[in-house]
Structures are given as structure tokens and as C-alpha cells.
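A note on names: the letters A, B, ... follow the listed sequences, proteins ahead of strands, and every chain is numbered from 1. This structure is a prediction, so every number in the text was calculated from the model and none was measured.
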Protein chains: 2
Amino acid sequence: MCVIISLTEENYLKAIYTLSHLFEESEVSTNQISDHLNNKAATVTDMLKRLAEKKLIHYIPYQGVKLTEKGRQTAIKVIRKHRLWEVFLVDKLQFKWDEVHEIAEQLEHINSDELIQRLDKFLGKPKFDPHGDPIPDANGLLNIVKALPLNQHKAKGNFTFVGVCEHSKTFLQHLTSIGLKIGDVIKVEEVNEFDNSFKVKINKNNSQFFSNKVASSILVEVKK
Amino acid sequence: MCVIISLTEENYLKAIYTLSHLFEESEVSTNQISDHLNNKAATVTDMLKRLAEKKLIHYIPYQGVKLTEKGRQTAIKVIRKHRLWEVFLVDKLQFKWDEVHEIAEQLEHINSDELIQRLDKFLGKPKFDPHGDPIPDANGLLNIVKALPLNQHKAKGNFTFVGVCEHSKTFLQHLTSIGLKIGDVIKVEEVNEFDNSFKVKINKNNSQFFSNKVASSILVEVKK
DNA sequence: GGTATAATTTAGACTAGTCTAAAAATTTGT
DNA sequence: ACAAATTTTTAGACTAGTCTAAATTATACC
């Protein structure tokens, strides 16, 4: 009953989960996984067979794969651990939000339910990680975040910055350098038609411009 | 210059360090290592060749091994991480001292100097772990603890309980059940010649007996 | 609808880490 | 000092996870 899942297998399951949720829920291809994990398609095929053997994915050769319920639970648990450790690193050890990903990639594989339960409590049962991503609860339930990238609103008005959909170090550092943090209020003053850039004010400071690239990478909610 | 050291290799280095310090510093045999790590002597021989290749140990076939300076630094760093994480688990997450070993065995392999430096600071730069073992500092320097097992004193008087030299879960639970914690004062009222058991008082409570097995597993300092 | 291109799988090979069985070296005991 | 016992190493094999190169299947375009 209790199949052992290796660190490598956990990373494949996480990759499949992540890729299948990029747009609406969908099947994931071998090449998508090999790109995401930086290894070769042949390697992925081997692993998919192993994961199917262990009933963690549904796999039909030449078609995509998707997670079984057991595979989804495993992936979600790894994501829960990753995000809780990120909160620990930022809230308790004062790491910056662009410094925590690599360390959390290691910590997410530490295996102890008791540890995670206690860490969760120690951190005050946080609902979101430092990048605004929702943290699955102990039962694997995930808040569906209905926030959209700023560039999809294309309207003037006040928005609350609730998360990012681009997690690269350089992008996060860019946001820090322009003084944007989660929870800040972004007032869109103009949307420029020709390049889809945005003229905005952050927390009533001086106006600045967001390129479409930036506007498409930050998640906002309409401010109540 | 920067050789990559795997998790498995780290565990071998730690084992060699630990075994070589059991009594006075000494060479370690293949069989000692295979017993300690629960694998076969042939497996150990293979690994010793690899570690010697990487200049982490001095190895001459059929004679023992000992760590090079590089090997010692690596082992000490793993031990530092293990003991810091144990402090975290007990002080911050309220684990009991008999529950932390297995989790720390995983956490000790997390690779990030920055993380360890910040964790150390967060914990208040502790000098000892929850079992009284000294925590090496960032430069790999270790407090030499001059404490001896209680049974080597064989004298009446007051002693301070500063650590254990037996780390099994059952032994730690036994100490908890008799109400003995690090820092407690043990008053030796009698030493029984025939079985080397000890009649003692803990913190001025009622008298009780320590078998020689218990007395040989607890480290004490003469109380000033 | 058939062929060119792209995606995927198969075949065979490699490394790290483990094993068993057998050979070699060392240590022990008289 | 030499035979017996013990320790250690060698030889050969296995698994997980990876690779390259070749074969196969799917897709896309005229």
C-alpha cells in the first residue's frame, strides 16, 4: 500500500502538476516535462513508465499524462512543503523573496508529517507564500485564487498586488527595485494602446511605467 | 577545486568522524563503518576508494582510514547542521529530545551556507544541542567537552547533568520518565560496589537508583 | 491523402551506490 | 612460526536515473 516515492519522482509529479495547471487543467506532454526539468525526452519516458507502474499517473504512450488522485496528493504535499518553507525562510530567517526558491527546492523533500504540521503551526498557518501563491492545507485543498495579471484588466482604477506569475530571481529583484511588494495598491492611470504599457502609481507615490511584460507577470485584484 | 560531495558521501564522512572520536582519535576500520552504516564491508571498500580519490580520506588498503583536513571540515559541517536543526526542532517546534534525530538526519544535508548562518543567528548561536552535544562553530571549531560519564567518578557529591553519550530513543525516553533533564543537579548519595549502581537524588527530590548502564550513559560535571 | 516534420519511444550504454560470493591479506593462538 | 580465524578487497551483478542514437508514431501541410 505504502509505495516509496523518491526525490526524483516527487520532482516529476510536481512538474506534471505545475504544467497541467498552466492554463486550464490539461494533459501534459513528454517534451513539456523534459523542457521543464532540463532533461531528455527519453529520460522522461522511462520515468513516466515507472510512475504509471506505481499508479501515480495515467499514461498512454504517445498521448499525454495526467496525475492520478494519489499522484495529485503527492504533488500537492510537496508544493505545500515548498511554500511553507518559503514562508519560514522569509518570515523567520529574513531572506528576501528572490533568495528562497533554491533552498525550498531542497527542503520540500524532507519527509516528516509531524514536522510539517508543527512548522505550519509555528508560522501561524499561513495561507500564502512570499510570492502570493496559495499554500495547500493539510488535506490537500488549495484556495483557488481568482486574481488576474494586471494586463488583462486593461482599465484604469485601483488594484491590489496579490502575487506574481513569473518567479525568476531577476523579475522579483526588479519588483523590489521599483518598490513593489505584495499588498501594495497599484493605481492604473493610463493604459497605452500602442505597446500595452501601463502608467501607474504605487501606494500614492510618483507615477511610473510598467511594460506589458511586467504587467502580465503581476497578479492583482480589483481594490474594494 | 570545488568537488561535489553527495549525500551518501557526507554520511560516510560523518560516520568516519564519529567512529574515530569514540575513544581517543584513531584510525577507523572498514567493518566499523559497515556496522555503523548498516551496509556490507564490500560496499564500504568501494566508497573508501571514491573518498580517497576525492582527497577526503587517507586510505591504505587493509589498514584503517582517517579523514583529511578537507574530509574533517566536511564532516564537521554536517554535524554542525545536524545539531543546529535539532535545536530548531526542540526550541522552536517543541519536539521532544527523543523525536528529533531522524528528521535532523535529513535536514543536515540541506546545502546552503547562508541558510545555516541565518539559522544559527535565529536560534541565538547555541553552543549545545538538546542532548548536550557541542555545536561546532562556523569555522569548524568544536568545544571540547571535558565531562565524563557519571560512573567514572565513583564518588559521592553533586554533579551537573550536561549531556548523554547514548542517543537511543528508548534511553532518552527513560531519562524523561525519571524526570532527568539537561542542567539538573544529581546528588550521588551512595555508590554500590557489587553492581556499580548509584543511589542519587535529582534536584533534591526523592532518592532513586541508577543502574551502571544508566550511569555510564550520562555525562556530568562536578558541581561548582 | 500522402509525405515531411515533429514528438515520442526503444535500444543500448553509463554512473553511483548497493549486493553476494570468492579471493587475498592480516591477525591470532598455540 | 604456521595454521585457523577474521578482516578486507576483488569480481561480477543489480537498480535508479541519466544519456545518445535510432526507430516508431503522430501531426501538419499542400
Side-chain angles (χ1 to χ4, degrees), chain A residues 2-16 19-20 22-23 26-67 71 74-75 78 105-106 108-109 111, chain B residues 2-16 19-20 22-23 26-67 71 74-75 78 105-106 108-109 111:
Chain A
C2 186
V3 177
I4 288 165
I5 300 171
S6 73
L7 184 150
T8 312
E9 288 168 339
E10 283 189 348
N11 281 335
Y12 275 86
L13 294 174
K14 190 170 59 132
I16 295 166
L19 292 167
S20 72
L22 280 186
F23 305 104
S26 62
E27 303 235 313
V28 177
S29 75
T30 303
N31 268 1
Q32 277 181 291
I33 299 170
S34 78
D35 283 359
H36 189 82
L37 295 179
N38 282 307
N39 53 21
K40 300 297 152 137
T43 306
V44 174
T45 301
D46 283 352
M47 181 56 91
L48 295 183
K49 286 192 235 167
R50 245 174 290 154
L51 293 173
E53 193 69 39
K54 291 187 178 183
K55 311 263 185 233
L56 293 162
I57 60 173
H58 297 290
Y59 172 55
I60 304 167
Y62 295 102
Q63 326 218 152
V65 293
K66 60 183 191 190
L67 297 174
T74 307
V78 174
E105 287 282 296
Q106 297 182 60
E108 72 189 8
H109 300 291
N111 197 335
Chain B
C2 185
V3 177
I4 288 165
I5 299 172
S6 73
L7 184 150
T8 312
E9 288 168 341
E10 284 189 347
N11 282 334
Y12 275 85
L13 295 175
K14 192 171 57 133
I16 294 166
L19 291 169
S20 72
L22 279 187
F23 306 103
S26 61
E27 304 235 313
V28 177
S29 74
T30 303
N31 268 2
Q32 276 181 292
I33 300 170
S34 78
D35 283 358
H36 189 81
L37 295 178
N38 281 307
N39 53 21
K40 299 297 152 135
T43 306
V44 173
T45 300
D46 284 352
M47 181 56 90
L48 294 183
K49 285 192 236 168
R50 245 174 291 155
L51 294 174
E53 193 70 38
K54 292 189 178 181
K55 310 263 186 233
L56 295 163
I57 60 172
H58 298 290
Y59 171 56
I60 305 168
Y62 295 103
Q63 326 217 150
V65 292
K66 60 183 191 194
L67 297 175
T74 307
V78 174
E105 287 283 296
Q106 297 182 61
E108 72 189 7
H109 301 291
N111 197 334

Asks: Quick test: give all pairs of protein nitrogen or oxygen and nucleotides 19-22 of chain D nitrogen or oxygen below 3.5 Å, distance rounded to 0.1 Å.
Replies:
from, atom 1, to, atom 2, distance (Å)
D/dC19, OP2, A/Lys40, N, 3.0
D/dC19, OP2, A/Thr43, OG1, 2.5

Asks: Quickly, which of B/Ile57, B/Thr8, B/Val78 forms a side-chain contact (heavy atoms from CB on, under 4.5 Å) with B/Leu13? Name it, please.
Replies: B/Ile57
Asks: OP1 or OP2 of D/dT9 less than 4.0 angstrom from a side-chain nitrogen or oxygen of B/Thr30, does that happen here?
Replies: yes
Asks: A side-chain contact here means heavy atoms from C-beta on lying under 4.5 Å apart; do B/His58 and B/Gln63 qualify?
Replies: no
Asks: Taking salt bridge (Lys or Arg N to Asp or Glu O under 4.0 Å) as the definition, give me every residue that meets it alongside A/Lys66, ordered by chain and number, with sequence neighbours left out.
Replies: none
Asks: Give the rounded distance in Å between these two atoms: CG of B/Asp35 and C1' of D/dT8.
Replies: 13 Å
Asks: Nearest whole angstrom, please: distance from the P of D/dT15 to the CD1 of A/Ile4.
Replies: 16 Å
Asks: When you measure from every atom of DNA chain C, which of residues 54-63 of chain B have a heavy atom less than 4.0 Å away?
Replies: B/Tyr62
Asks: Can you measure A/Leu37 atom CG to D/dT18 atom C1' for me and round it to whole angstrom units?
Replies: 13 Å
Asks: Could you list the residues that satisfy salt bridge (Lys or Arg N to Asp or Glu O under 4.0 Å) with B/Glu53, not counting sequence neighbours?
Replies: none
Asks: Between C1' on C/dA7 and CD on A/Gln32, what's the gap in Å once rounded to a whole number?
Replies: 12 Å
Asks: Could you work out, with side-chain contact (heavy atoms from CB on, under 4.5 Å) as the rule, every residue matching B/Leu7, not counting sequence neighbours?
Replies: B/Asn11, B/His109
Asks: Closer than 4.0 Å, any side-chain N/O of A/Ser6 to the OP1 or OP2 of D/dG17?
Replies: yes
Asks: Can you check whether A/Ser29 has a side-chain N or O nearer than 4.0 Å to OP1 or OP2 of C/dA7?
Replies: no
Asks: Among residues at least two apart in sequence or on other chains, which ones pass side chain to side chain donor-acceptor pair (under 3.5 Å) with B/Asn111?
Replies: none
Asks: Side-chain N or O of B/Arg50 versus OP1/OP2 of C/dG17: is the shortest distance under 4.0 Å?
Replies: yes
Asks: Can you list everything that forms a salt bridge (Lys or Arg N to Asp or Glu O under 4.0 Å) with B/Glu10? Sequence neighbours excluded, please.
Replies: none
Asks: Among the candidates C/dG17, D/dT7, C/dT10, find the nucleotide nearest to the side-chain atoms of B/Asn31.
Replies: D/dT7
Asks: Could you list the donor-acceptor pairs under 3.5 angstrom formed between side-chain atoms of residues 28-36 of chain A and any protein atom two or more places apart in sequence or on another chain?
Replies:
from, atom 1, to, atom 2, distance (Å)
A/Ser29, OG, A/Gln32, N, 3.1
A/Ser29, OG, A/Gln32, OE1, 3.4
A/Gln32, OE1, A/Ser29, N, 2.9
A/Ser34, OG, A/Asn31, O, 3.1

Asks: For C/dT18, take OP1 and OP2 only and decide whether either is under 4.0 Å from a side-chain N or O of B/Tyr12.
Replies: yes
Asks: Select base, sugar-phosphate, or nothing to describe what B/Thr45 touches, counting heavy atoms under 4.0 Å on all strands.
Replies: base
Asks: Does A/Lys54 have any salt bridge (Lys or Arg N to Asp or Glu O under 4.0 Å) partners at least two apart in sequence or in another chain, and if so, which?
Replies: A/Glu9
